[in-house]
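Here's the structure we're looking at; comments come further down.
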Amino acid sequence: MADSKSSPSSSRGAIPPPTAPDMDLLTDTVTIHPPLVPGQPSGANSSTLPASPSPSSTLDITNYDKSQEPPGSQNISPAFAHFRDAPFEFLREISRHYSGSGWRAYDNPIGQPVFYTGFTEDMKNRVQNSPLLKSRIMGLATRRVELEVKEGMLSGGLEKIPGGEEARVRELERRKNRRMRELLVSLDEVAAKDIDGMICKFENKRFIRGAYYMTMQFLARTYHQGVHVSTEEVLRLRHIAQIAASKKQSLIFLPCHRSHIDYVSLQLICYRLGIVLPTVVAGDNLNFPLVGQFLQNAGAFYIRRSFGRDGLYGGVVQAYVDAMLSEGYNFECFIEGGRSRTGKLLPPKFGILNFILDSLLSGRVTDSYIIPVSTQYDKVIETEAYVNELLGIPKQKENLYDFLNSSKVLSLKMGRVDVRFGEPWSLRDFINQQIEKNPGANMSESGTGRVKLLRTLGYKVLADINTVSVVMPTSLIGTILLTLRGRGVGKRELIRRIDWLSQRITAKGGRVADFGRIGTEAVVDRGLEVLGELVGRVEGLAEETYYAVDRFQLSFYRNMVIHLFISEAIVAAAMYTRIKQGGGPANQVVPYDALFQQVVFLSQLFRGEFVFPSEGIKSNLHRTLNGLEQDGIITIERSPLINPSTLSRTILSVSLSNTERDLGRENYDFYCFLIWPFIEGSWLAGVSIIGLTPPLSASSALGLRNVSGDGDDDEDRLWVPVKAAQEMAQLLGKTLYHQGDLSYFEAVNKQTIANSFQSFEDEGIIIVRKPSAVAPPDPSASSSGALPVFPTVPVCRLSKEWRPSRDHESGGIVPAGKLWEYVEAIAKSRREGKNRRDGKTEDS
């Protein structure tokens, strides 16, 4: 139990004290405590709730008395005894978990029955006997028989059958029926194998008790400051879980994904709160010996990364999703698909979401509740591996040796994990609302209405995750260190800037993690301890001075903050097009029309990189400008007359305020430093695709190949693999960085380059062709044999209207045209560099 007599310590410049409730889960009851997240209501005394209520019990959070809360801190990670220090207590802990003492029994979790003998067979039967899967198998078998008949594979020797045409027809029908039975049996066997390798196996309650104890031990050692939750959020979660259980409906957890610890922490929280564990969608790359079976028994639902042309596998996945959601089993999948290697949210992936949506749109599932989840870390275990991947080093396939070798992380002190749950909402209500907004929209599998509904769903979940995300101390430190002009920063200045950043985050509606109301200096010390060798300290100076050692890894933590300030960063970068020209303040005034044009351009450029507010560019720009003016960063010149259409004075121009200039542009520069690495990455990608301009003698181009018969001339049929083009961009970026033409090494990361290529594809600058889901035609089917070559990997080429010209004498690219102007528009917002040959890099 937390010490109820602990008192908050105060210090000059402390982070604002927290006010939301959090909780301790160390006993057989859920004990309420004050939170580590400011900005929510709380009180002063204590209250307890049953840790594992029966499914029929109710929990009315509307009547929960928040005045009954004691001071203290929350943490769901118990303080485990160590055999060396307290052998008897260590053995007693093992005994309590093995026997299921108190809440550890996990006897009546909220939700549908799990962990009983025969659970796996029951689920297999539900999936295999699904009408949808049976229909899919019948359709595949029928189409195959029809194809074999068409190709004459079943008609061999029919001409020798006595009895005339009628006998031959009967024989062909007999062969078709026999072949159909063979195919149905074969497809059933394949489906059964897929189902067995796919579904989770909630069979053994003692296994899950032991798995909880062992996993919590590992997590408590690695994240030594614990796994933290908000009491208000988990009470709400338990409440909605009871409502869903009473209706036999599922909770669908949709977390962000930054680490393998994400699904571990959520499973542990559900176990400790007495909620049925969700089935977790996991890539089949994790299904390697021993570990794969362990995870499958703890809730893993293995799925291939790509289905290709396997229509049966897609049917099996849909039938399994239907079986879980129709029976009310909880479900979890990561909205971004894979783990974010950059620290910020990735665009949503729609694969599993589409299966979930199909279950409800078809009526096979009545309703489910969406639970957005944000998991934040002081330090992510995998960041070093992420840096290697982003620099182009191939990711190694997971295996048992590497998994066991990763146990070295247990000796690290990586701070704490904060898990936050967004407000639950009905998926059925959401679908109905969207259909009402778009009556008559085509909701078929590939219909425009279905695609729009999926995108709206995905981005709503991302916005909800951003809303509840907590900014950790390590993110504050990393952000400040990477947004200063100097080599390093003194301790007092670091604390001052972290206080400023904390206030700005709170003002923007974000939440900053706090450590039990201790002062900012103590929070900074803890954060620096966790960051370890990523931050250096200069010894022998008059003041403690810190600097960024590994800027690439620290950018991961900076990117956890950028979503809060993306609008301000875009405006700052747009203003920089004039500010970088120098001269006096009068020369740096930015006309509104020029500002608006560059803001629109940058917003379009980064529409796949960041989640923007949904209010529209102009409304968002005006709100952002007003906020920057209130903060004293800019001055806005307005027309003296009221615009009758907007009932406000028209903005004529913006400029840096005198106050901001007196401060050395420290706040304005902060916003620029946030966005500059991404601008550099997009500029780098733009420069690299200029290199895709075909040579004058297109037929002799090395590495280019004809992959499409689209009717264009030979020059238009030259393509290059997308992966090779992006690797070329990375190589170019590394070269430019070391030659002084690129300011940020993190701009060469392959995720930013890939996002830029996607943006260029959306803009129509490049054309990308992916491997077809349809088998390529047989050359023998053409009299000439002149059929297009189908790509086996994604390939790209410059669109003809964007392609630069080449000088007919030298063969060099002429610095003019649409693409050249587009890349120059990106370059306008780039940071000035001491060694940069401005205007010459693209040329060289």
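The figures here come from the full heavy-atom set of this structure, side chains too, leaving out hydrogens, waters and symmetry mates.
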Decide if atom [atom1] of [X] counts as having more than 12 heavy atoms of other residues, nucleotides or ligands within a radius under 6.0 Å.
| X | atom1 | value |
| --- | --- | --- |
| M214 | CE | yes |
| R174 | CZ | yes |
| K205 | NZ | yes |

Partners of [X] by salt bridge (charged side-chain N to carboxylate O under 4.0 Å, His left out), sequence neighbours excluded?
| X | value |
| --- | --- |
| R364 | D322, D358 |
| E165 | R168 |
| R304 | D194, D310 |
| K124 | E121, D196 |

Is a salt bridge present between [X] and [Y], judged by a nitrogen-to-oxygen distance below 4.0 Å?
| X | Y | value |
| --- | --- | --- |
| E148 | R144 | yes |
| D122 | R126 | no |
| K248 | E327 | yes |

Checklist outcome for this item: K437 meets the side chain to side chain contact (heavy atoms under 4.5 Å, CB included) criterion, sequence neighbours left out, with Q434
Checklist entry - Residues two or more places apart in sequence or in another chain: which of them pass side chain to side chain contact (heavy atoms under 4.5 Å, CB included) with S259? => result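 S259: side chain to side chain contact (heavy atoms under 4.5 Å, CB included) contacts with I261, D262, Y377, V380, E382.
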Checklist entry - For the residue pair M198 and Y320, what are the closest heavy atoms and their distance? => result SD-CD2, 3.9 Å
Got a sec, which residues hit side chain to side chain donor-acceptor pair (under 3.5 Å) with [X], two or more places apart in sequence or on another chain?
| X | value |
| --- | --- |
| S326 | none |
| K176 | none |
| Q249 | none |
| E166 | R170 |

Checklist entry - Do the side chain of N354 and the main chain of F350 share a donor and acceptor less than 3.5 angstrom apart? => result no
Checklist entry - Between F207 and F294, is the ring centre distance below 6.0 Å? => result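 Yes.
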Residues 275-284, side-chain donor-acceptor partners within the protein, below 3.5 Å, at least two apart:
none

Checklist entry - Any side-chain donor-acceptor pair under 3.5 Å between Q751 and N755? => result yes
Item to check | Qualifying ring pair (Phe, Tyr, Trp, His ring centres under 6.0 Å) pairs with a residue from residues 119-159, counting only residues at least two apart or across chains | outcome: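 The answer is Y116-F119, F119-F202, F119-Y329.
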Checklist entry - Checking side-chain hydrogen bond (donor to acceptor under 3.5 Å, both in side chains) for the pair D762/Q758: CA distance, chi angles, key distance, verdict? => result CA-CA 6 Å; D762 295 340; Q758 182 61 57; 3.0 Å; yes
Checklist entry - Between F355 and F307, what is the ring plane arrangement, given parallel below 30°, perpendicular above 60°, and tilted in between? => result tilted
Checklist entry - Using the ring of each side chain (for Trp, its six-membered ring), is Y212 parallel, tilted or perpendicular to Y271, with breaks at 30° and 60°? => result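 Judged by the thresholds at 30° and 60°, the geometry between Y212 and Y271 is parallel.
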